[in-house]
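Here the structure comes first, spelled out in structure tokens, and everything after it is commentary.
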Amino acid sequence: GAGVSQSPSNKVTEKGKDVELRCDPISGHTALYWYRQSLGQGLEFLIYFQGNSAPDKSGLPSDRFSAERTGGSVSTLTIQRTQQEDSAVYLCASSFQRGQETQYFGPGTRLLVL
Amino acid sequence: SQQGEEDPQALSIQEGENATMNCSYKTSINNLQWYRQNSGRGLVHLILIRSNEREKHSGRLRVTLDTSKKSSSLLITASRAADTASYFCATSRGSGNTGKLIFGQGTTLQVKP
């Protein structure tokens, strides 16, 4: 079946604008994760969704970042009032269940904030 | 913050040679995974080793885990130019955890033809 997909592949925006990044997990996967990869910070966890449970938002760097997952499938990561330091590759991953299973990553969205 | 530290940061070898990368971590884990990344984009899962396992093989890959030393190694045997990539270890922590992965800084491997 299809893997994790993300859109857009690339996004260039101006400082101060809002952006939305989309993730379609593998069908049947209940756990969904967002990570960020930047030059200075490496790969960082942002947020996690599992079924109908409250998400783990412990990795979100500021209140400008938010995410939702509708219907237990597609997820959207929103960054408000973007800053240049938000420039990074945003990676989404899904797994069949939390904790014990392999996470499958999408190709990422490369965000550049000018 | 990153839990894992990997060494070396960069490794350059000739095709046919073996490549060994090491990863250390700080806290108790459920499992440790190795991923490959080409050209700074999507991560490809290579192998998962659970905390009660000591060694695992997958094709030309061999992973070891030493929980007493909180370290793991990835061995790629008979390397190929196509193995050129960045390799990351990632740990999933113990009970009560959501399963989020904590990544090391990665090892950049170059395999020269």
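Every chain is numbered from 1, with letters handed out A, B, ... down the list of sequences. All of these numbers come straight from a predicted model, not from anything done at the bench.
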*Hey, quick one: are A/Leu60 and A/Tyr48 part of the same hydrophobic cluster, counting side-chain heavy atoms closer than 4.5 Å, chains of contacts allowed?*
no

*Heavy-atom pair with the smallest gap, counting every atom of A/Tyr35 and B/Leu101*: OH-N, 2.9 Å

*Take atom CD in B/Gln9; do more than 12 heavy atoms of anything else shown fall under 6.0 Å from it?*
no

*Of all the heavy-atom pairs spanning B/His45 and A/Gln103, show the shortest one and how long it is.*
CB-O, 4.3 Å

*Please find out if less than 6.0 Å separates the ring center of A/Phe45 from that of B/Phe103.*
no

_B/Lys100 to A/Ser58 - nearest heavy-atom pair and separation_ = NZ-OG, 3.2 Å

*Atom CZ of B/Arg60 with >12 non-hydrogen neighbours under 6.0 angstrom*: yes

*Would you indicate whether A/Glu14, at its atom CD, is surrounded by more than 12 heavy atoms from other residues, nucleotides or ligands within a distance under 6.0 Å?*
no

*Any A/Leu43 side-chain heavy atom under 4.5 Å of B/Leu43 side chain*: yes

_Shared hydrophobic cluster for B/Leu61 and B/Ile13 (ILVMFWY, side-chain gaps under 4.5 Å)_ = yes

